[in-house]
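This report concerns only the one structure given below.
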Amino acid sequence: MTSRRIEDYALIGDMQTATLVRRDGTADWLCLPRFDSSAVFAGLLGTEEHGYWRVGPACDTDEPRPAATRRRYRGDSLVLEMEWDTPTGTVRVVDFMPARDGHAPQLVRIVEGVSGRVAMQSALRMSFGYGRVAPWLQRIDGRPVAVAGPDAMWLDTDAETYSDGKTTFADFTVSPGERVAFTLTWQSAHTPSEPPKPDPGEELENAEKFWADWVGQCSYEGPWRESVIRSLITLKALTYAPTGGIVAAPTTSLPEEVGGVRNWDYRFCWLRDSAITLNALLRTGYRGEARAWRNWLLRAVAGDPDELQIMYSILGERDLTERELPWLPGFEGSAPVRVGNGAADQLQLDVYGEVCEALFVAHESGLAPCGDTAALQLRLVTYLKDHWNQPDEGIWEVRGPRRHFVHSKIMAWVAVDRTIKLIQAGVMPSEELDELLELRNAIHHDVCTKGYDRNRNTFTQSYGSDELDASLLLIPRVGFLPPDDPRVIGTVDAVRRELSTSQGFVQRYLTEGAQAGLDGLPGDEGTFLICSFWMVDALALTGRLDKAKRLFERLLTLSNDLGLLAEEYDPVAGQQLGNFPQAFSHIGLVDSAILLHQLERAKAPVMAA
């Protein structure tokens with residue numbers, strides 16, 4: 001197998017789970033029936049024996065599989081088109097997952113002849129339980145079916161299929177105007193009735209209409225709109241429609257360093273990531289997602305704020321026990337492969353700020369007030385009164401000792417500040433206003449006294465430390481200090497000087513040299529893309545708009561050909577790293593585009609009527 005790159009993949013999904021498809025037509029990541037279920041295709045983290053489905057031009061088994069000559073999304077949608085120019089003609093494969101609307105999850109692949117006559121092959125190997133469980137292959141009323149424990153997969157196609165006991169094949173040819181469709185449907189193995197036979201053509205029309213209608217709600221009309229729309233579609237695809245929960249990414253264990261151990265499961269709902277995703281959607285006109293997320297939040301966070309977790313499952317479940325899957329060798333040998341996430345038990349005080357900021361933006365965006373949400377927000381801030389001055393693991397979920405992270409304290413200040421503003425707007429009761437005003441001042445003074453290095457004119461990663469952290473770039477963005485404050489400008493310059501690469505891309509913090517082991521983990525990582533977008537914002541806010549725009553446009557070039565971004569980027573190897581596609585990165589893109597557009601309009605001269 002040739003070496004794989006994360007950017008080789010495309011995303012398709014149904015707002016409940018997602019499939020990753022390689023350039024050669026191989027779908028080798030799919031969890032069913034939901035994002036955090038076990039994978040039926042786990043070849044992404046192993047080999048073909050762990051599950052895959054390839055549809056593409058036929059070739060000898062000892063030949064490399066040809067990559068598509070072209071690929072694109074069909075308009076503003078998640079309908080993927082790949083085309084191959086072969087010696088005998090051109091063929092197109094259309095892949096999508098229909099929005100469920102009450103029916104079972106499906107993966108549809110339609111082969112279309114474009115020119116000439118092309119020999120094609122479909123090769124489908126299902127391996128349940130993350131590639132560990134071989135299913136029982138059978139036929140029911142002529143339909144190939146794979147069954148293993150609670151899962152059953154039904155394949156429908158007009159092509160003739162055959163099996164070698166592990167893989168189901170179909171060999172066929174297509175000429176111009178001919179179509180051969182395949183639909184893979186999941187349902188519970190104990191369901192007594194067969195799933196209805198699908199109509200792929202009708203499902204394709206419905207999928208295109210769904211995305212056209214959804215994109216039509218977007219209120220953003222500024223520059224880079226194509227990239228913003230693609231990022232918004234990606235964020236929508238990471239939303240779990242039944243509950244409103246938003247996953248950080250649809251994958252687990254894609255490495256932050258190829259061959260390294262920084263491999264984590266991101267198929268959960270971080271309060272931080274979800275809240276920031278919500279902000280991006282609200283700022284571009286999407287209120288329905290805000291209402292759904294607010295309801296998910298109320299269910300997930302029910303109970304005592306002392307028991308608040310920093311992440312939950314898409315259903316709001318709390319048990320996210322982390323374990324390793326030793327039978328999977330990992331993406332390009334990056335082991336261990338992990339499912340679950342032990343960071344769920346960490347204390348991360350910044351999440352209180354992100355949640356309160358999201359609820360504040362929801363109100364500013366016209367979402368109707370909710371008494372239950374107001375009560376929850378007051379309970380969260382009441383918790384902060386007694387806990388904001390504790391050390392925590394911080395935004396980056398360090399697996400080393402707790403610290404007094406400056407970003408955590410700043411976001412605690414944000415939680416109090418946004419609550420005060422809602423009280424002053426008459427949305428929340430005012431009994432605690434005086435106490436909250438005092439608390440806001442106390443946190444601000446504490447940070448400016450203990451988290452600021454006067455000699456270097458910069459805020460630091462944590463109290464008493466010399467280290468820097470990219471999260472400090474958010475100080476002007478959240479309003480903790482004004483952008484023209486010399487301490488803000490000094491911090492932005494220090495981060496630029498010490499954490500930026502020659503291309504301007506920004507690391508979270510240093511993982512080599514004197515700070516090695518700071519986060520409790522061996523190895524290195526790439527530059528975090530959202531940190532680079534934060535630098536865009538910081539440069540723009542501190543009066544360096546042209547530099548900000550140049551960096552933003554460099555960041556756009558890091559997207560793959562479909563406009564998708566992973567969590568990180570390796571500027572040396574020139575490749576994406578980490579789970580893919582990553583909500584954080586696409587949020588950064590949307591937020592920076594909106595800010596640059598606003599600042600550009602603000603400086604434009606007013607034309608006479």
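Here the structure is a predicted model, which means the values were calculated and not measured.
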Inset, instruction - May I ask you to check whether S462 and S465 show a side-chain donor-acceptor distance below 3.5 Å? - result: yes

Inset, instruction - Could you tell me whether a side-chain N or O of Y312 sits under 3.5 Å from a main-chain N or O of Q309, the two making a donor and an acceptor? - result: yes

Legend entry - Q575 side chain to R5 backbone, donor-acceptor under 3.5 Å: no

Inset, instruction - Give a yes or no on whether the backbone of Q582 and the side-chain of N579 come within a donor-acceptor separation of less than 3.5 Å. - result: no

Legend entry - Flag side-chain contact, heavy atom, 4.5 Å: D76 against I233: yes

Inset, instruction - Report yes or no: does E568 contribute a side-chain atom to a donor-acceptor pair with the main-chain N or O of G526 at less than 3.5 Å? - result: yes

Inset, instruction - Check whether the side chains of W53 and S122 place a donor and an acceptor atom closer than 3.5 Å, and report yes or no. - result: yes

Inset, instruction - Identify whether the distance between the nearest side-chain nitrogen and carboxylate oxygen of D561 and R23 falls below 4.0 Å. - result: yes

Inset, instruction - Using a 4.5 Å cut-off on heavy atoms from C-beta on, say whether the side chain of Y509 contacts that of E467. - result: no

Legend entry - NZ on K409 to CG on D350, rounded to 0.5 Å: 11.5 Å

Inset, instruction - For the residue pair M97 and T17, establish whether any side-chain heavy-atom pair is separated by less than 4.5 Å. - result: yes

Inset, instruction - Apply the test ring pair (Phe, Tyr, Trp, His ring centres under 6.0 Å) to residues F405 and W396: give CA-CA distance (whole Å), side-chain angles for both, the deciding distance (0.1 Å), then the verdict. - result: CA-CA 10 Å; F405 286 104; W396 305 126; 9.7 Å; no

Legend entry - Validation row: W29, L45 side chains within 4.5 angstrom (heavy atoms): yes

Legend entry - Distance (rounded to the nearest 0.5 Å) between H586 NE2 and L235 CG: 7.0 Å

Inset, instruction - Taking ring pair (Phe, Tyr, Trp, His ring centres under 6.0 Å) as the test, write out the residues that go with W186, two or more places apart. - result: none

Inset, instruction - Verify salt bridge (charged side-chain N to carboxylate O under 4.0 Å, His left out) between E83 and R72, making sure each step is shown before the conclusion. - result: CA-CA 9 Å; E83 292 182 348; R72 59 186 173 270; 3.2 Å; yes

Inset, instruction - Test F459 against every option in V495, D469, T491 by the side-chain contact (heavy atoms from CB on, under 4.5 Å) rule and name the one that passes. - result: T491

Legend entry - G394 backbone acceptor or donor facing R402 side chain under 3.5 Å: no

Inset, instruction - For R267 and D265, run salt bridge (charged side-chain N to carboxylate O under 4.0 Å, His left out): C-alpha distance rounded to whole Å, both residues' side-chain angles, the deciding distance at 0.1 Å, then the answer. - result: CA-CA 6 Å; R267 298 170 300 155; D265 193 347; 2.9 Å; yes

Inset, instruction - Enter the distance from R338:CZ to T252:OG1 here, rounded to the nearest 0.5 Å. - result: 9.0 Å

Inset, instruction - Establish, from distance only, whether the side-chain atoms of D392 and S408 form a donor-acceptor pair under 3.5 Å. - result: yes

Legend entry - Counterpart residues, side-chain hydrogen bond (donor to acceptor under 3.5 Å, both in side chains), relative to T161 (two or more places apart): R139

Inset, instruction - Please examine the side chains of V40 and C31, heavy atoms only from C-beta on, and report whether any two atoms are closer than 4.5 Å. - result: no

Inset, instruction - Might you work through the side chain to side chain donor-acceptor pair (under 3.5 Å) test for Q16 and R100, ending with a clear yes or no? - result: CA-CA 8 Å; Q16 296 192 41; R100 296 191 194 178; 3.0 Å; yes

Legend entry - Check: S592 side chain, F533 main-chain N or O, donor-acceptor pair, under 3.5 Å: yes

Legend entry - 4.5 Å side-chain heavy-atom contact, T19 and D95: no

Legend entry - Working for salt bridge (charged side-chain N to carboxylate O under 4.0 Å, His left out), residues E257 and R262: CA-CA 7 Å; E257 179 184 30; R262 295 169 180 257; 5.3 Å; no

Legend entry - G353 backbone acceptor or donor facing R272 side chain under 3.5 Å: no

Inset, instruction - Please confirm whether the backbone N or O of Q576 pairs with a side-chain atom of E7, one donor and one acceptor, at under 3.5 Å? - result: yes

Inset, instruction - Determine yes or no for a side-chain-to-main-chain donor-acceptor pair under 3.5 angstrom, with E393 supplying the side chain and L347 the backbone. - result: yes

Legend entry - Atom pair CH2/CZ of W84 and R65 - distance to nearest 0.5 Å: 11.5 Å

Inset, instruction - Spell out, as yes or no, whether a donor-acceptor pair under 3.5 Å connects the side chain of N263 to the backbone of P336. - result: yes

Legend entry - Heavy-atom neighbours of R132 CZ exceed 12 at 6.0 Å: no

Inset, instruction - Could you tell me which residues satisfy side chain to side chain contact (heavy atoms under 4.5 Å, CB included) with R496, sequence neighbours excluded, listed by chain and number? - result: S500, M535, L539, R544, K547

Inset, instruction - Could you tell me which residues satisfy ring pair (Phe, Tyr, Trp, His ring centres under 6.0 Å) with W270, sequence neighbours excluded, listed by chain and number? - result: Y266

Inset, instruction - Could you note down all residue pairs passing side-chain hydrogen bond (donor to acceptor under 3.5 Å, both in side chains) where residues 30-46 supplies at least one of them, sequence neighbours left out? - result: R34-D36, R34-E317

Inset, instruction - Drop me the distance from L589's CG to S231's OG, to the nearest 0.5 angstrom. - result: 4.0 Å

Legend entry - Salt bridge present between R70 and E81 (N-O < 4.0 angstrom): no

Legend entry - Check: E332/S3 side-chain N/O donor and acceptor closer than 3.5 Å: yes

Inset, instruction - Find out whether R323 and V339 are in side-chain contact, i.e. whether some heavy atom of one side chain is under 4.5 Å from a heavy atom of the other. - result: yes

Legend entry - Sequence-distant partners of Y569, ring pair (Phe, Tyr, Trp, His ring centres under 6.0 Å), two or more places apart: F505

Inset, instruction - Report yes if the side chains of D164 and F169 come closer than 4.5 Å at any heavy-atom pair, otherwise no. - result: yes

Legend entry - CZ on R230 to CG on L565, rounded to 0.5 Å: 12.0 Å

Inset, instruction - Would you kindly say whether D28 and T26 are connected by a side-chain donor-acceptor distance under 3.5 Å? - result: no

Inset, instruction - Write down the atom of L32, the atom of D151, and the distance for their closest heavy-atom approach. - result: O-OD1, 4.4 Å

